[in-house]
> 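Can you keep this structure in mind? I'll have questions shortly.
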Amino acid sequence: MKLHEHQAKGLLTRYGVPIPRGRVAYSVDEAGAFAAELGLPVVVKAQIHAGGRGKGGGVKLARTFADVDAHARSLLGARLVTHQTGPEGRIVRRLLIEEGLDLAGAREMYMAVLVDRAQGRPVLMASARGGVEIEEVAVSDPGAILRESVDPLAGLRPYQARRVALKLGLNGSLLAPAADFLLRAFSAFVALDAGLLEVNPWLLTAAGRFFALDAKVELDDNALARHQDLVELRDVSEESPLEVEAAKHDLNYIKLLGGNIGCMVNGAGLAMATMDIIKLAGGSPANFLDVGGGANADQIRHAFRILMADADVRAVLVNIFGGILRCDVLAEGVVAAARELNVQVPIVVRMKGTNEAQGQAILRASRLAFETADDMAEAARKAVAAAGGTR
């Protein structure tokens with residue numbers, strides 16, 4: 001679950017991570033009132049679930065109250081486009097009004113904690129080259145990104161935090177507060193069951209103080225049962241409406257940009273393989289949709305509704321391995337959905353496993369124009385052709 005910057009910072013303060021003072025505004029009047037409370041200058045920051053806000057015009061310095069008013073009016077309700085939002089952008093519904101820090105002589109660094117799945121443990125990352133160009137740094141000079149692997153049982157040890165700080169050139173009187181910042185940030189990562197905690201820029205002022213000038217936190221959905229107080233931080237307006245609808249029916253759905261073949265598969269691994277084989281056949285999947293091993297006919301119908309709500313879909317590929325989800329149950333759900341929704345796009349069905357023959361018989365008896373395939377390669381070729389050929 002993604003969080004807004006102001007939410008992430010609010011959580012970091014619980015663990016003693018220093019952040020600039022700020023307030024969240026939902027209106028122009030609130031923005032002005034909070035600026036007066038904090039004192040000028042302030043920074044007016046659009047709150048959306050995407051990076052690149054600075055480059056996209058979503059972070060503005062206000063030295064006067066007239067600036068605050070103008071910036072708030074220009075941002076609230078506007079569609080902010082960044083390199084992470086795609087061309088459709090995101091509507092700005094809230095602003096973070098934050099005190100302006102003195103950046104003269106300051107250093108902008110980078111730090112993050114995430115799970116390295118290859119190692120099966122957390123990793124602390126840091127760089128002396130923080131700021132808006134960190135993605136380019138990671139590509140052009142990967143050696144500039146320091147990595148410290150952390151034992152999941154022992155946690156980040158003080159000597160590890162000091163080692164990272166020293167490699168960043170934070171020695172002398174800066175060593176202890178730098179290591180303390182890293183240790184507190186790591187503690188927050190663990191306590192929140194986060195999948196990612198990123199501070200960029202990690203600011204060192206000329207006066208020797210460290211701040212999380214920007215913060216990004218993503219929580220592990222599977223751990224939210226342990227954090228009922230955090231569930232309320234979810235902002236569904238920032239999520240894809242189709243993904244929100246899918247979650248209501250226990251369906252795992254992710255929209256993919258640029259694709260035109262709707263995929264409905266049971267099992268995440270098979271879903272990934274299905275998308276790969278569509279690409280291999282020259283097509284482009286429009287989504288990831290895993291109905292799960294125990295899906296029923298009703299969930300199949302809901303899955304089809306979601307697929308058909310995507311205007312980009314020109315054909316549907318149903319790829320099912322019949323185990324817990326029997327092929328006859330799948331076929332009944334597909335037929336019911338096709339009739340109920342009056343599906344006009346071609347549907348290619350490949351199913352193997354339990355009650356396969358009964359499932360095939362149900363498809364034939366429906367007299368609907370299903371195409372069937374015996375293997376995944378054939379199914380992918382038929383789906384690509386039905387969607388209009390290679391892209």
Side-chain angles (χ1 to χ4, degrees), residues 1-13 17-86 89-104 106-112 130-135 185 188 196-205 209-218 233-235 237-239:
M1 184 177 80
K2 293 183 178 180
L3 301 179
H4 288 291
E5 174 193 358
H6 72 90
Q7 295 170 328
K9 286 180 171 177
L11 294 177
L12 290 180
T13 59
V17 176
I19 65 169
R21 294 179 302 126
R23 296 289 298 276
V24 184
Y26 294 87
S27 69
V28 174
D29 289 342
E30 283 187 338
F34 294 151
E37 177 184 314
L38 294 168
L40 296 172
V42 296
V43 182
V44 181
K45 309 175 80 173
Q47 299 294 284
I48 60 172
H49 285 178
R53 292 171 299 156
K55 284 186 175 181
V59 179
K60 299 177 182 290
L61 178 65
R63 298 186 182 279
T64 67
F65 291 113
D67 288 343
V68 176
D69 186 86
H71 295 334
R73 290 183 186 278
S74 69
L75 287 173
L76 280 172
R79 189 176 296 275
L80 183 62
V81 178
T82 78
H83 69 282
Q84 290 189 10
T85 64
R90 297 279 176 83
I91 301 296
V92 179
R93 296 179 172 86
R94 62 182 84 178
L95 303 171
L96 174 59
I97 311 300
E98 196 167 72
E99 66 173 327
L101 298 180
D102 184 3
L103 300 184
R107 286 182 59 187
E108 292 188 357
M109 299 172 291
Y110 171 88
M111 67 79 51
V132 296
E133 305 297 339
I134 189 63
E135 288 89 354
L196 169 69
L197 187 156
E198 182 180 69
V199 175
N200 183 39
W202 174 24
L203 187 72
L204 169 61
T205 68
R209 297 183 65 191
F210 291 94
F211 289 95
L213 199 59
D214 195 357
K216 178 180 181 180
V217 172
E218 294 183 5
L233 299 180
R234 183 182 182 191
D235 183 358
S237 68
E238 286 289 314
E239 301 176 23

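In this text, all values refer to a predicted model and were calculated from it rather than measured experimentally.
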> Rounded to the nearest 0.5 Å, how far apart are CG of D29 and CG of D69?
8.0 Å

> Would you say that L203 contacts E108 through its side chain, given a criterion of any heavy-atom pair below 4.5 Å between the two side chains?
yes

> With heavy-atom distances below 4.5 Å as the criterion, would you say the side chains of V43 and V59 are in contact?
yes

> Provide the closest heavy-atom pair for A185 versus V17 in the form atom of the first, atom of the second, distance.
N-CG2, 3.9 Å

> Any side-chain heavy-atom pair from L3 and L11 closer than 4.5 angstrom?
yes

> Could you give the distance from CZ (R23) to CD (E37), rounded to the nearest 0.5 Å?
4.5 Å

> When rounded to the nearest 0.5 angstrom, what is the spacing between CG in L95 and CG in L76?
4.0 Å

> Nearest 0.5 Å please: distance from the CD1 atom of I97 over to the CD atom of E30.
9.5 Å

> Ignoring hydrogens, what is the shortest heavy-atom contact between F34 and V24? Give both atom names and the distance.
CE1-O, 3.0 Å

> With a cut-off of 6.0 Å (strictly less than), are more than 12 heavy atoms of other residues, nucleotides or ligands near CZ of R79?
yes

> Only one of R94, E238, E5 clears side-chain hydrogen bond (donor to acceptor under 3.5 Å, both in side chains) with Q47; which?
E5

> Taking side chain as C-beta onward, heavy atoms only, is L80 less than 4.5 Å from R90?
no

> Would you say E98 and K45 make side-chain contact, with heavy atoms under 4.5 Å?
yes

> Could you give the distance from OG1 (T205) to CZ (R209), rounded to the nearest 0.5 Å?
6.5 Å

> Of all heavy-atom pairs between L75 and V92, which one has the smallest distance, and what is that distance?
O-CB, 3.2 Å

> Please confirm whether the backbone N or O of L213 pairs with a side-chain atom of K9, one donor and one acceptor, at under 3.5 Å?
yes

> Identify the heavy atoms of A50 and T82 that sit nearest to each other, and give their distance.
CB-OG1, 4.1 Å

> Here's a test for you: under side chain to side chain contact (heavy atoms under 4.5 Å, CB included), which of V42, L96, L101 qualifies with P20?
L101

> So, does Q84 use its side chain to make a donor-acceptor pair with the main chain of G51 at under 3.5 Å?
yes

> After noting the C-alpha distance and the side-chain angles of H49 and D235, does the key distance pass the side-chain hydrogen bond (donor to acceptor under 3.5 Å, both in side chains) rule?
CA-CA 9 Å; H49 285 178; D235 183 358; 5.1 Å; no

> May I ask you to decide if L38's main-chain N or O and R21's side chain share a donor-acceptor pair within less than 3.5 Å?
yes

> Less than 4.5 Å apart, side chain to side chain, heavy atoms only: is that true for L197 and V217?
yes

> Salt bridge or not for E239 and R234, using N-O below 4.0 Å?
yes

> Can you find a pair of side-chain heavy atoms, one from R93 and one from S237, that are under 4.5 Å apart?
yes

> Which heavy atom of K60 sits nearest to which heavy atom of S74, and what is that distance?
CE-OG, 4.0 Å

> Measure across W202 and F210 and return the closest heavy-atom pair with its distance rounded to 0.1 Å.
NE1-CD2, 3.4 Å

